[in-house]
Amino acid sequence: MLYKENELKINNSLTGEKEVFESILDGFVGLYVCGPTVYSNVHLGNCRTFISFDVVYRYLLHLGYKVRYVRNITDAGHLENDAEEGEDKIAKKARLEQLEPMEIVQQYTLDFHKVLDQFNNLPPNIEPTATGHIIEQIEMIMDIFDNGFAYESNGSVYFDVEKYNESNNYGELSKRKIEDLVSGTRTLDGQDEKKSPLDFALWKNAKPEHIMKWPSPWGLGFPGWHLECSAMSTKYLGETFDIHGGGMDLKFPHHECEIAQGTAATGEKPVNHWMHANMLTLNGKKMSKSTGNTLLPDELFSGNNDVLGRAYDPIVVRFFMMQAHYASVLDFSAEALNASEKGFNRLMEAIQSLKEITPKGDSSIDVDALIGKFYAAMNDDFNTPILVSHLFEATKYIQGVKAGKETISSTDFEKLDKAMKAFTFDVLGLKEITEEKQDNGSLDTVMELVLQMRQQARENKDWTTADAIRDKLKEANIVVKDDKDGAKWEAQ
RNA sequence: GGUCCUGUGGCCGAGUGGCUAGGCAGUGGUCUGCAAAACCAUCUACAGCAGUUCGAAUCUGCUCGGGACCUCCA
């Protein structure tokens, strides 16, 4: 198995160190990633996180691990704020749109799936919902209660952070000190239910007007935001599992609370390796639903936006993201995207060129070493930009072989061919952009005729006519390119 | 205000105490009737100041700039 001969190192947000990854069970990995709260369309920033972890998932699979990848859908419990009258985001949207909450959930879950599919993300193995795990959440609250880390107040249940901090370290993930947190807390209305402003809701009492509520030992209510991830990750991956991922902005308080809840409920540290994907910025600022600084995937794929001016293929956007490390901030711009598009095409050209290579004699470079660099890059905390740079190194070599300037042996060719495709398609999750073979119908026939006539003109060295046809077609957004074996055309 | 991250060539982005990242753009070529595409070659760097060191873009301190979190966000 590949994972036995590759030492994978992962930067652990919990320790701040790059650590050698060892799974709890040999050959198996439990991976949990915080999914979206489905009350609006996913934007590109959201997508970056999910694409980052898609690559993590893909590389683990490539290494031969059997991975259980769980990514939740939060469809209840995510409050507008932590004040007493904080409204559930789904419920609020439902109220505003005059729809059933589950209609909201369905609409945006479908959008989420569609978009991630366009980015060629693999689906997780389990995609549990918060509403589907109310019982598990209630049970977890009871465990936390039994262990003395929760208290009830007016039908709501809160996590006792200060009590927890006596025997544990609240803030260990986000590197915060509890005193700083207390002094930095803003006073929100309606926090009198809580013993301390740091305490967070495990269960919220539902007012009569609330539309999403469930029975519990504490009356009708709904679960707190952080709880569903703890309940579902524990259920499907165990009390302690291998990797938990999510966006950097979830580190505090969401993930901090997860650690506290999990530890309080089971006595075990819930997660060995915490991974945080960094933000995608637009105009130098984080993409964010609340500030409106966002770009929706559809706006990007259609070119219907003010930022870029034209459409880009989802795979090009994915490649653009691969050229930055997941833990670095990445800024989105038309210029950067254009550069990626051309680079992507170059990489695809090279993979095409593999078909035209005839292996012969000895290899003029050390192919094993080159492939070793592919692995080394990914083993070093999933360093996709380094991997990409080595793929370009391979690109240069492949074109050299094709041009007869370099040579490759047949065994090396098989290895390189396999590795190039494995890393490009399986690990990075790229794919050839297949022109939408939309049925052009009569246009195909017409173009065939036109190009035939132009070819005739070229053979007669009637360049004026040949060029005029090409120019006129270009005005009609049809680009003609002359290759060695005839002309090709494509509609822009 | 508190905590933390970051500042690389025209643009995007890796990285290590001494050894070419890479992509795009630019420049020069190859190919082509021309054009486009493709391919080859190649230039520009490490925010500022001080320190540690034989040697620092890489370590330390300070200054200036950018960002994240501290309230919901991937």
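As the structure is a computational prediction, the values presented were derived from the model and not from experiment. Just so it is clear: chains get the letters A, B, ... in the order the sequence lines come, proteins before strands, and each one is counted from 1.
Backbone-only engagement by A:A324 is indicated by non-hydrogen atom pairs under 4.0 Å involving sugar-phosphate atoms exclusively. Residue contacts shown for A:N383 are limited to sugar-phosphate atoms, with no base heavy atom under 4.0 Å away. Residue A:R346 is classed as a sugar-phosphate contact, given heavy-atom separations below 4.0 Å to backbone atoms only. Nucleic acid contact class of A:V480 (heavy atoms, under 4.0 Å, all strands): base. Using a 4.0 Å heavy-atom distance criterion, A:K405 is classed as a sugar-phosphate-only contact. Nucleic acid contact class of A:K177 (heavy atoms, under 4.0 Å, all strands): none. Residue A:D331 is in sugar-phosphate contact alone, with no base atom involved, counting any heavy-atom pair closer than 4.0 Å across all strands shown. Using a 4.0 Å heavy-atom cutoff across all strands shown, A:N338 reaches no nucleic acid atom at all. Residue contacts shown for A:H43 include a base, since a base heavy atom lies under 4.0 Å away. When heavy atoms are screened at a 4.0 angstrom cut-off, A:K402 is found touching no nucleic acid atom at all. Across all strands shown, A:G246 has heavy atoms under 4.0 Å from sugar-phosphate atoms exclusively, and none from any base. A:A336 comes within contact range of the sugar-phosphate backbone alone, with a heavy-atom separation under 4.0 Å but no base atom that close.
For the C1' atoms, the distance linking B:rA74 with B:rC11 amounts to 26 Å, nearest Å. Distance noted for atom C1' between B:rC46 and B:rU8: 4 Å (whole Å). Using P as the reference atom, B:rG28 and B:rG33 are 22 Å apart when rounded to the nearest Å. B:rC43 and B:rU53: their C1' atoms are spaced 32 Å apart (whole Å). Taking atom P on both nucleotides, B:rA45 is separated from B:rA21 by 11 Å, rounded to a whole Å. Straight-line distance between the P atoms of B:rA35 and B:rU27: roughly 15 Å, to the nearest whole Å. Rounded to whole Å, the separation between the P atoms of B:rA41 and B:rC69 comes to 44 Å. Rounded to a whole angstrom, the distance from the P atom of B:rG48 to that of B:rG9 is 10 Å.
Rounded to an integer number of Å, the gap from A:I478 CD1 to B:rA37 C1' is 18 Å. Atoms NZ (A:K286) and P (B:rU6) sit 18 Å apart, rounded to a whole Å. Rounded to an integer number of Å, the gap from CD of A:E256 to P of B:rU71 is 13 Å. A straight line from OH of A:Y170 to P of B:rU3 spans 18 Å, rounded to a whole angstrom. Whole-Å rounding puts the A:K481 NZ to B:rU32 C1' distance at 15 Å. Atom CZ of A:R48 and atom P of B:rA68 are 14 Å apart (whole Å). Rounded to an integer number of Å, the gap from CG of A:L282 to P of B:rA68 is 12 Å. Atoms CD (A:E406) and P (B:rC40) sit 10 Å apart, rounded to a whole Å.
Nucleotide B:rU20 forms a pair with no other nucleotide shown, judged by Watson-Crick or G-U wobble geometry with both contacts under 3.5 Å. A 3.5 Å limit on both hydrogen-bonding distances identifies B:rG26 as the Watson-Crick or G-U partner of B:rU42. In this structure, B:rU32 makes no Watson-Crick or G-U wobble pair, since no nucleotide meets both defining distances under 3.5 angstrom. B:rG7 is paired with B:rC64 under the criterion used here, namely a Watson-Crick or G-U wobble arrangement in which both key atom distances are under 3.5 Å. Across the strands present, B:rG1 finds its partner in B:rC70; the criterion is a Watson-Crick or G-U wobble pair with both atom distances under 3.5 angstrom.
Distances from the side chain of A:S328 to the nucleotides B:rG33, B:rA14, B:rA74 place B:rA14 closest. Closest to the A:E349 side chain, of the nucleotides B:rA38, B:rA14, B:rA74, is B:rA38. Comparing B:rC34, B:rA41, B:rC39 against the side chain of A:Q399 picks out B:rC39 as the nearest. Which of B:rG33, B:rC12, B:rC69 sits closest to the side chain of A:R176 comes down to B:rC69. If you check B:rC70, B:rC34, B:rG33 against the side chain of A:A466, the one that comes closest is B:rG33. For A:L330, counting side-chain heavy atoms from C-beta on, the closest listed nucleotide (B:rA25, B:rA68, B:rG13) is B:rG13. Looking at the side chain of A:P385, the nearest of the listed nucleotides B:rA74, B:rG33, B:rA14 is B:rA14.
Considering only side-chain N and O atoms, A:K289 lies under 4.0 angstrom from the phosphate OP1 or OP2 of B:rA74. Phosphate contact (OP1/OP2 of B:rA25, side-chain N/O of A:K342, threshold under 4.0 Å): present. For the pair A:Q323 and B:rG13, the criterion of a side-chain N or O lying under 4.0 Å from OP1 or OP2 is not met. Taking side-chain N and O atoms only, A:K285 has a distance below 4.0 Å to OP1 or OP2 of B:rG67. Proximity of A:R454 to the phosphate of B:rA35: no side-chain N or O atom is located under 4.0 Å from OP1 or OP2.
Going from atom CG of A:D380 over to atom CD of A:E7 covers 10.5 Å, rounded to the nearest 0.5 Å.
In this structure, a donor-acceptor pair under 3.5 Å is present between the side chains of A:Y312 and A:N338. A donor-acceptor contact under 3.5 angstrom links the side chains of A:Q352 and A:E432, judged on distance only. Side-chain atoms of A:T74 and A:N72 include a donor-acceptor pair closer than 3.5 Å.
The cationic atom of A:R71 (NZ for Lys, CZ for Arg) lies less than 6.0 Å from the six-membered ring centre of A:F50 and within 45° of the ring axis. Remark: A:K93 fails to qualify as a cation-pi partner of A:Y108 under the 6.0 Å distance and 45° angle criteria applied to the six-membered ring.
Residue ring and nucleobase are not stacked for A:F392 and B:rG23 under a centre distance beneath 5.5 angstrom and an angle between planes beneath 30°.
Projected onto RNA chain B by closest heavy-atom contact, A:R458 and A:S333 fall at different nucleotides, the more 5' of which corresponds to A:S333. Between A:T464 and A:A339, the residue anchored closer to the 5' end of RNA chain B is A:A339, taking for each the nucleotide with the nearest heavy atom.
Looking only at side-chain heavy atoms (C-beta outward), A:Y39 and A:K92 stay at 4.5 Å or farther from each other. When side chains are defined from C-beta on, A:N46 does not count as touching A:F112, because their heavy atoms never get closer than 4.5 Å.
With hydrogens and angles disregarded, no donor-acceptor distance shorter than 3.5 Å links the side chain of A:T294 to the backbone of A:M287.
The aromatic rings of A:Y59 and A:Y375 sit tilted relative to each other, their planes meeting at an angle between 30° and 60°.
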